[in-house]
Amino acid sequence: DDIARSKIDVLAADLPHRPPFTLLLPIDGANPDLIAATAVSMAAQRYQEWALCLTSAHSPDAALTDAVASIADARVKFTSSFPTPPGDWIIRLAPGDLVHEPALFAVANAIIQNPSAAVVYTDHDHLGPDGRFFDPHMKPDWNPDLLSGIEYFSVLTAYRADLWDAHARVADTEHDLARRATARLKEDQVVHLPYVLATRPVAGDGTHLIPPIVKVDHPLSDPRPRVS
């Protein structure tokens, strides 16, 4: 509501500094309506230091260009598939992802409150074909053992730019990126915001509740532990 928005605006204005974000949205082969929905959600952010790069190996068609132009926000721009992100923090989205109005403010505030932070991730929910928001994914705090087998960061994960530059191009998947980027981080460098700050559209058939799992073999210590 307007009162909550005003409160966020006041808090954002009082931040001691404003970390800039670059959000990357791959658009090749994506539904233009989903692309537009994500861009509109970004234009509604209460925190203003961001740029949304619509990344593509091809020139956008006229319909998509017109849809983006109608948003009337110069921070939404078309770029190459592998742009050099200008922001200090990088977030990759998927077409249709909805970033809630206070989301980037909450992430920026977490970065300021946690100076050692290198990765910040949030909770999210899902949007069904019927327009209903459901199945919030309430994630655990930083758990490297869990992350080794399952990509639980998912929607709205912010990486410090140096980590992104070091790992994003060589990572095969979002899970691979998360594992690579956090491999050498300490506990206080991975920050979990326990708030639903983004939404991902799903088919509604329940498959979003069955994430891909990677089998991980952990070598036994030497000498091997005794068991009874």
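- Nearest heavy atom pair, residue Pro102 against residue Ile8, reads CB-CD1, 3.4 Å.
- Using a 30° and 60° split on the angle between ring planes, Tyr121 and Tyr152 fall in the perpendicular class, above 60°.
- The NZ atom of Lys77 sits 6.0 Å away from the SG atom of Cys53 when rounded to the nearest 0.5 Å.
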Throw together a table of side-chain donor-acceptor distances under 3.5 angstrom for residues 12-26, partners on residues two or more places apart or in other chains.
from	atom 1	to	atom 2	distance (Å)
Arg18	NH2	Ala12	O	3.2
Arg18	NH2	Ala13	O	2.8
Thr22	OG1	Gly87	N	2.8

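- The pair Lys139-Asp123 does not meet the salt-bridge criterion, since no charged nitrogen lies less than 4.0 angstrom from a carboxylate oxygen.
- One N or O on the side chain of Asp1 and one on the backbone of Ile3 form a donor-acceptor pair closer than 3.5 Å.
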Check against side-chain contact (heavy atoms from CB on, under 4.5 Å), Phe78 and Leu64: CA-CA 10 Å; Phe78 294 99; Leu64 181 56; 4.0 Å; yes

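- Asp188 has no carboxylate O lying under 4.0 Å from a charged side-chain N of Lys186, or vice versa, which leaves the two without a salt bridge.
- With rounding to the nearest 0.5 angstrom, the CG atom of Leu127 is 8.0 Å from the CG atom of Asp130.
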side-chain contact (heavy atoms from CB on, under 4.5 Å) evaluation trace for Asp217 with Lys215: CA-CA 7 Å; Asp217 293 321; Lys215 181 180 178 181; 3.6 Å; yes

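- For the ring-ring contact (aromatic ring centres under 6.0 Å, His included) test with His137, the passing option among His192, His124, His208 is His124; the others fail.
- There is a path of hydrophobic side-chain contacts, each under 4.5 Å, that joins Val191 to Val99.
- Connection of Leu197 to Ile91 is established within a shared hydrophobic cluster, with ILVMFWY side chains joined at heavy-atom distances below 4.5 Å, either directly or through further cluster members.
- For the residue pair Ser56 and Asp28, a side-chain donor N or O sits within less than 3.5 Å of a side-chain acceptor on the partner.
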Working for side-chain contact (heavy atoms from CB on, under 4.5 Å), residues Arg179 and Val214: CA-CA 11 Å; Arg179 292 172 64 180; Val214 175; 3.8 Å; yes

Verdict with reasoning, Phe153 to Leu177, per side-chain contact (heavy atoms from CB on, under 4.5 Å): CA-CA 11 Å; Phe153 283 0; Leu177 172 60; over 6 Å; no

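- For residues 159-180, there are no ring pair (Phe, Tyr, Trp, His ring centres under 6.0 Å) pairs, not counting sequence neighbours.
- In the hydrophobic clustering of this structure, Ile112 groups with Leu156; members are Ile, Leu, Val, Met, Phe, Trp, Tyr whose side-chain heavy atoms approach within less than 4.5 Å, directly or through other members.
- The CD atom of Gln45 sits 9.5 Å away from atom NE2 of His100, with the distance rounded to the nearest 0.5 Å.
- In the displayed structure, Gln48 atom CD is contacted under 6.0 Å by more than 12 heavy atoms of other residues, nucleotides or ligands.
- In this structure, the side chains of Tyr195 and Thr122 stay at 4.5 Å or more apart for every pair of heavy atoms.
- In the hydrophobic clustering of this structure, Val196 does not group with Phe105; members are Ile, Leu, Val, Met, Phe, Trp, Tyr whose side-chain heavy atoms approach within less than 4.5 Å, directly or through other members.
- Counting only distance, with no hydrogens or angles, the side chain of Glu151 and the backbone of Leu147 share no donor-acceptor pair below 3.5 Å.
- Looking only at atom types and distance, the side chain of His126 has no donor-acceptor partner in the side chain of Thr199 under 3.5 Å away.
- Hydrophobic clustering of Ile, Leu, Val, Met, Phe, Trp and Tyr side chains at less than 4.5 Å, counting indirect connections, keeps Val216 apart from Ile150.
- Salt bridge status for Asp2 with Arg5: present, with a side-chain N to carboxylate O gap under 4.0 Å.
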